[in-house]
2 protein chains.
Amino acid sequence: MKRKITLKHIARELGVSISTVSKALKNSEEIGSDTKEKVQAFAKLYNYKPNNIAISLKNKRTKNIGVIIPDIVHHFFTTVFRGIEKYANAKGYNVIVCVSDESFDKEVINMELLANGSIDGFIMALSSGTQLKNDYNHLKEVTEQGIPLVLFDRVAEDIKCDKVYINDRKGAYNAVTKFINDGRKRIALITTDDYISVSRERAVGYTQALSDNGIVFNENLILKLPSMEIDEKMIEDFFKREKVDAVLSVNEIFAIHSMRLVQSKGLEIPEDISFIGFTDGLLSKYASPGLTAIAQHGEQMGEIAAEILIEKVENDMEEETFVTKILEPTIIERGSTVN
Amino acid sequence: MKRKITLKHIARELGVSISTVSKALKNSEEIGSDTKEKVQAFAKLYNYKPNNIAISLKNKRTKNIGVIIPDIVHHFFTTVFRGIEKYANAKGYNVIVCVSDESFDKEVINMELLANGSIDGFIMALSSGTQLKNDYNHLKEVTEQGIPLVLFDRVAEDIKCDKVYINDRKGAYNAVTKFINDGRKRIALITTDDYISVSRERAVGYTQALSDNGIVFNENLILKLPSMEIDEKMIEDFFKREKVDAVLSVNEIFAIHSMRLVQSKGLEIPEDISFIGFTDGLLSKYASPGLTAIAQHGEQMGEIAAEILIEKVENDMEEETFVTKILEPTIIERGSTVN
DNA sequence: AAAAACACCTAAAACGTTTTCGTACAATTG
DNA sequence: CAATTGTACGAAAACGTTTTAGGTGTTTTT
């Protein structure tokens, strides 16, 4: 087993000091060219690579970014992650991922662990548990220690940090407006509980589009599913009870489920009823008919988040100025709406 | 900005030595109880947490696991990742993810970077680039340095390390056997190029099941798509050219695509043609009809990989004994096959 | 009363770097 | 030839821990 070689080994072997070796490897002007050559040759021969941990300790920089997301088996979050990873890697950073599992406690634990020197900054989307609890002390602690934090997608107003998310309100607004322009009158919204910031925003957009177009808001046309788990019965009851000709869903799964349900009842999509779903994921793409989707530009979001974070990390500016970047959603039209 | 407090700060503030503080916080018997109390109270008050990097340097243990996967926006890999993360976290480990993007070069770069002290061990699935090139020197280098390595799913025979994957051959075998028992005669296989280990294995299982059941192998019934990108035309030509009554696909996407194609041609699933696809992901679940799938037990795979790795890391046994754990695939029956 | 034991604490090394400062010697200057 | 400058290197501190090996001063033992 070839153990990793250190500066000390090289120094001892070559009969010079550790500092000389260090400088020689950095091609310092201080060191004579013959010594430099000797050291560099030896280092290459034994494949010397500096120890990241030692450098981190010295520099107080880890070149690691902590990413905390609610779930990893999740198309949108992984898309964002891809953007983060791509940008970070290009800048020489590695990414440590922790999954909060939508739990406040796990979010706190993971954050505290990473905050003790393991990372230079955080990129995260809040867990639903945290949004429900509305307790952001763990975030505050971290930022007060001077650790940069960028929130994406699931953000919270009252945290002072950088943020990047899409204009969910506008996404919903545009979708509903499209329904109306297509002549739809009874437009449903399938959503989750309100404490998730994005759901709340989407509901606002939905309502606003209706009122801007003179359609009376009808509470009954909103179906709130209590969890991400599909409640077949609630959906079935909803469609049995309400006559709707368009459905906006805050996620793909609710949409696909509803589509299959109404299809099984003999309705035609999009002739009798059309659908638009948030998140342009796999399901939307491969459903039949394809589900018109509101793209959230996850990869771009990730890249921007990483860019903002790394900028902060590298020029640790004391002045506390925070940016909020809001991306514009895009509607990807597919077969579930009339073109 | 509250900077992180260190042992040195506490020592200076309390007029004791650093070692006293360190021991007091560990509740060492060497320290008098009043001193201990004083130190502990002070530490709690100022929220002292030891610096991970310093501890890593001292212990030569990072409590980080490096995970390298070909892609992150990928249901199966994220499922495995979830298993890894869950187990690792429970054991106090964090996970650093790098995405090889199916590229040999990126895999090498990421590995070398992490190997310089950032992690205690690797869990990875080989990139297709690496499998194509058949060059495993970067893996060898790492293991020779005594860094434990666990390969999952995309493994390679000639690497000496721990491995965990499912019996792909058997998965395909069982699927084809089921087709035959259901009375199917012209059974197609849609796959990728052979250099991906799992595809190769699945093809073997396919062929074996045919021959074990006295069905003549027909080369024309195998469709090899050159890449993960869907080539609509190739699929369409295939189904135009060959009359098939059952399709085994090495992934969901090829299967779903084919299903939609044959449906658009007026065929009924599963009456006229039935489908089974590898990986029990979202698409299989939400397709219509649902796609009968071969589950790969990703989460379990991840947990096992993490368990093996952490065991190795914590009891760094010099004896080089490697385990290979092969999981049994399970068929999840849905509407795309006759029950 | 000297020796031994004990309780409590500190100095210092170690982990592997980087970097500042110092110094020995040679070469140049006035 | 003394003073200055320059070249090439080394010692040591620093990052924040843990841990070993002392080292006090008090108390117990004989």
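Values below: every heavy atom of this structure, side chains too, minus hydrogens, waters and symmetry copies. Remember, it's a predicted structure, so these values are computed and weren't measured experimentally.
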Trainee: Would you please name every residue forming a ring-ring contact (aromatic ring centres under 6.0 Å, His included) with B/His297, sequence neighbours left out?
Mentor: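 Partners of B/His297 by the ring-ring contact (aromatic ring centres under 6.0 Å, His included) criterion come out as none, since no residue qualifies.
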
Trainee: Pick the nucleotide of DNA chain C nearest each of B/Val21 and A/Lys4; which residue has the one closer to the 5' end?
Mentor: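 That would be B/Val21.
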
Trainee: Going by the side chain to side chain donor-acceptor pair (under 3.5 Å) test, which pairs reach into residues 144-154 of chain A, not counting sequence neighbours?
Mentor: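 Qualifying pairs, neighbours excluded: A/Glu102-A/Arg154.
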
Trainee: According to salt bridge (Lys or Arg N to Asp or Glu O under 4.0 Å), who are the partners of B/Asp120, at least two apart in sequence or on a separate chain?
Mentor: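 With sequence neighbours excluded, B/Asp120 shows a salt bridge (Lys or Arg N to Asp or Glu O under 4.0 Å) to no residue whatsoever.
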
Trainee: At what angle, to 10 degrees, do the two end axes of the helix from C/dA1-D/dT30 to C/dG30-D/dC1 meet, given five pairs define each axis?
Mentor: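 Answer rounded to 10°: the end axes differ by 70°.
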
Trainee: Is a donor from one side chain sitting under 3.5 angstrom from an acceptor on the other, for B/Ser22 and B/Ser19?
Mentor: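 No.
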
Trainee: Got a sec? Which of residues 34-50 of chain B come in under 4.0 Å of DNA chain D, heavy atoms?
Mentor: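 Those residues are B/Tyr48, B/Lys49, B/Pro50.
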
Trainee: What residues, two or more places apart in sequence or in another chain, satisfy ring-ring contact (aromatic ring centres under 6.0 Å, His included) together with B/Phe77?
Mentor: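 Scan of B/Phe77 (ring-ring contact (aromatic ring centres under 6.0 Å, His included), adjacent residues dropped) gives B/His74.
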
Trainee: Under 4.0 Å, heavy atoms only, any strand: does B/Ser22 hit a base, just the sugar-phosphate, or nothing?
Mentor: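 The answer is base, as B/Ser22 lies within the cut-off (heavy atoms under 4.0 Å) of a base atom.
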
Trainee: Could you check whether B/Lys26 gets within reach of a base, just the sugar-phosphate, or nothing at all, counting any heavy atom under 4.0 Å?
Mentor: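 Here B/Lys26 touches the backbone only, sparing every base.
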
Trainee: Is the closest basic N to carboxylate O distance between A/Asp71 and B/Arg82 below 4.0 Å?
Mentor: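 A salt bridge links A/Asp71 with B/Arg82.
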
Trainee: Who are the side-chain contact (heavy atoms from CB on, under 4.5 Å) partners of A/Asp158, not counting sequence neighbours?
Mentor: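 Applying side-chain contact (heavy atoms from CB on, under 4.5 Å) to A/Asp158 gives A/Tyr136, A/Ala156.
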
Trainee: Extract, from 5' to 3' on DNA chain C, the first and final nucleotides lying under 4.0 angstrom from some heavy atom of chain B.
Mentor: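 For DNA chain C, the relevant span reads C/dC8 to C/dG16.
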
Trainee: Can you tell me how far P of D/dA8 sits from CD of A/Glu29, to the nearest Å?
Mentor: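 Whole-Å distance recorded here is 9 Å.
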
Trainee: Can you sort out which residues in residues 51-60 of chain A have a heavy atom within less than 4.0 Å of DNA chain C? Ascending by number, please.
Mentor: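 Residues of residues 51-60 of chain A that come under 4.0 Å of DNA chain C are, in numerical order, A/Asn51, A/Ala54, A/Ile55, A/Lys58.
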
Trainee: Pick out which of B/Thr324, B/Asp162, B/Leu126, B/Val164 makes a side chain to side chain contact (heavy atoms under 4.5 Å, CB included) with B/Leu151.
Mentor: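 Only one option passes, and that is B/Leu126.
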
Trainee: Tell me every residue that passes ring-ring contact (aromatic ring centres under 6.0 Å, His included) with A/His75, counting only those two or more places apart in sequence or in another chain.
Mentor: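 A/His75: no ring-ring contact (aromatic ring centres under 6.0 Å, His included) contacts found.
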
Trainee: Output the rounded distance in Å from CG (B/Leu7) to P (D/dT18).
Mentor: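 The answer, rounded to whole Å, is 6 Å.
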
Trainee: Hey, does the side chain of A/Thr78 reach the backbone of A/Phe81 with a donor-acceptor pair shorter than 3.5 angstrom?
Mentor: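 No, A/Thr78 side chain to A/Phe81 backbone: no donor-acceptor pair under 3.5 Å.
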
Trainee: If a pair satisfies ring pair (Phe, Tyr, Trp, His ring centres under 6.0 Å) and one of its residues is in residues 12-70 of chain A, list it, with sequence neighbours excluded.
Mentor: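 Output for this query lists A/Phe42-A/Tyr46.
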
Trainee: Categorize A/Ser19 for me: base, sugar-phosphate, or nothing, with a 4.0 angstrom heavy-atom threshold over every strand shown.
Mentor: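 Base: the residue A/Ser19, judged by heavy atoms under 4.0 Å, touches a nucleobase.
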
Trainee: Return a table of donor-acceptor pairs under 3.5 angstrom between the side chains of residues 111-119 of chain A and protein atoms on other chains or two or more places apart.
Mentor:
from	atom 1	to	atom 2	distance (Å)
A/Asn116	OD1	B/Lys4	NZ	2.7
A/Asn116	ND2	A/Glu112	O	3.0
A/Ser118	OG	B/Asn52	ND2	2.8

Trainee: Can you confirm whether A/Val323 sits close enough to A/Ile308 that some side-chain heavy atom of one is under 4.5 Å from a side-chain heavy atom of the other?
Mentor: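 Yes, at least one pair of side-chain atoms sits under 4.5 Å.
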
